[in-house]
Amino acid sequence: MRKISLLLAFLLVLPLLTFAQAPNKKNVAAAQEVEKLERQRFAAQVSKDFAFLEKVFADDLIYTHASGKQNGKTDYLQSIRDGKSVYDKIEVEAINVRAYNDGQTAVVNGQIVIYQPNKPDGSPNVAHIKYVTTQIKDPKKGWQVVLWQSQKQPEK
C-alpha cells in the first residue's frame with residue numbers, strides 16, 4: 001500500500017515539476033531579441049553606424065579587447081572613428097544568448113571571425129575570437145551592452 005501511495009504522490013507531482021522547468025516566455029523572447037541585436041551591432045561596427053552604436057552601448061560600457069586593452073564607450077567609439085579599430089567584416093560562427101530576470105538581463109557568449117585590412121606585408125589580417133558580453137534592458141533606452149570581453153583563438 002505504501003508503494004502505491006508513493007507512486008501516486010510522484011505521479012501527482014510530476015506535472016508540477018515539468019511546469020516548473022518550462023522556459024520563461026519573457027526570457028525566451030529577450031534571448032531572441034538580443035541575438036538579433038548582436039548581429040546588428042556587428043554589422044554597425046563594420047559600417048560605422050555610430051547612431052546605432054551610440055544607442056546600444058551603455059554609457060558605463062567596459063569594452064575589453066582580445067589584446068587586454070580596455071575602453072569605455074567614448075574611447076571605443078572614437079577608436080573606430082580614428083581608424084584604430086577597423087572591421088572589414090565580422091562573421092558570426094556561433095552565438096548563445098541566455099536571458100535572466102524576466103527578460104531584463106542577457107549574457108551572450110559566442111565565436112566570431114573578424115576580418116581587418118591586410119597587414120603591411122599584404123597577408124590577411126583575420127582574428128578568430130571567442131567573446132562574452134552582458135546586456136541589460138534599460139526601460140528608456142532598450143538593450144544596452146554594458147560589458148564586452150574577448151579572447152583571440154588560434155587560427156584553424
Worksheet item: With respect to Lys36, which candidate in Gln40, Glu38, Gln32 satisfies the side chain to side chain contact (heavy atoms under 4.5 Å, CB included) definition?
Response: Gln40
Mind checking side-chain hydrogen bond (donor to acceptor under 3.5 Å, both in side chains) for [X] and listing every partner two or more places apart, or none if nothing turns up?
| X | result |
| --- | --- |
| Asn125 | none |
| Thr134 | none |
| Ser79 | Ser85 |
| Lys141 | Asp59 |

Verify the cluster assignment for [X] and [Y]: are they in a single hydrophobic cluster under the rule of side-chain heavy atoms below 4.5 Å apart?
| X | Y | value |
| --- | --- | --- |
| Tyr115 | Tyr87 | no |
| Val92 | Ile114 | yes |
| Leu37 | Val146 | no |

Worksheet item: Of all heavy-atom pairs between Ala106 and Val97, which one has the smallest distance, and what is that distance?
Response: CB-CG1, 4.2 Å
Worksheet entry | Which atom of Ala99 lies closest to which atom of Ala31, heavy atoms considered | CB-N, 4.0 Å
Discussion item. One pair to check against side-chain contact (heavy atoms from CB on, under 4.5 Å): Asp88 and Val46. What are the steps and the verdict?
Written reply: CA-CA 6 Å; Asp88 289 343; Val46 171; 6.0 Å; no
Item to complete: Identify, with sequence neighbours excluded, every residue that meets salt bridge (charged side-chain N to carboxylate O under 4.0 Å, His left out) alongside Arg39.
Response: Glu35
Discussion item. Applying salt bridge (charged side-chain N to carboxylate O under 4.0 Å, His left out), can you list everything that pairs with Lys26, at least two apart in sequence or on another chain?
Written reply: none
Holding to side-chain contact (heavy atoms from CB on, under 4.5 Å), I want the full list of residues that pass it with [X], two or more places apart in sequence or in another chain.
| X | answer |
| --- | --- |
| Gln153 | His128, Lys130, Gln151 |
| Pro124 | Asn118, Val126 |
| Val132 | Val107, Asn109 |

Sequence neighbours excluded and cut-off under 3.5 Å, please list the side-chain donor-acceptor pairs for residues 49-58, or say none.
unit_1: Asp49; atom_1: OD1; unit_2: Ala51; atom_2: N; d: 3.4
unit_1: Asp49; atom_1: OD1; unit_2: Phe52; atom_2: N; d: 3.1

Discussion item. Which residues pass the ring-ring contact (aromatic ring centres under 6.0 Å, His included) test with Trp148, not counting sequence neighbours?
Written reply: Tyr63, Tyr131
Worksheet item: Step by step, would you call Ile95 with Val108 a side-chain contact (heavy atoms from CB on, under 4.5 Å)?
Response: CA-CA 7 Å; Ile95 190 168; Val108 183; 3.8 Å; yes
Close side-chain approach of [X] to [Y], heavy-atom, < 4.5 Å:
| X | Y | result |
| --- | --- | --- |
| Gln70 | Ile62 | yes |
| Gln104 | Ile136 | no |
| Val145 | Arg41 | yes |
| Leu147 | Leu61 | no |

Discussion item. Apply side-chain contact (heavy atoms from CB on, under 4.5 Å) to residues Glu33 and Lys137 and explain how you reach the verdict.
Written reply: CA-CA 11 Å; Glu33 187 177 1; Lys137 191 167 189 179; 3.8 Å; yes
Worksheet entry | Option passing side-chain hydrogen bond (donor to acceptor under 3.5 Å, both in side chains) with Gln78 (candidates Thr74, Asp75, Asp82) | Asp82
Item to complete: May I have the step-by-step check of side-chain contact (heavy atoms from CB on, under 4.5 Å) for Ile129 and Val113, ending in yes or no?
Response: CA-CA 6 Å; Ile129 304 286; Val113 180; over 6 Å; no
Discussion item. Nearest 0.5 Å, please: how far is CD in Glu91 from CD in Gln111?
Written reply: 11.0 Å
Discussion item. How long is the straight-line distance from CD of Gln149 back to OG1 of Thr64, given to the nearest 0.5 Å?
Written reply: 4.5 Å
Practice prompt. Any salt bridge (Lys or Arg N to Asp or Glu O under 4.0 Å) involving residues 98-124? Give me the pairs, sequence neighbours left out, ordered by first then second residue.
Written response: none
Item to complete: May I ask you to decide if Ala43's main-chain N or O and Ser47's side chain share a donor-acceptor pair within less than 3.5 Å?
Response: yes
Worksheet item: Do other residues, nucleotides or ligands put more than 12 heavy atoms under 6.0 Å from Ile80 CD1?
Response: yes
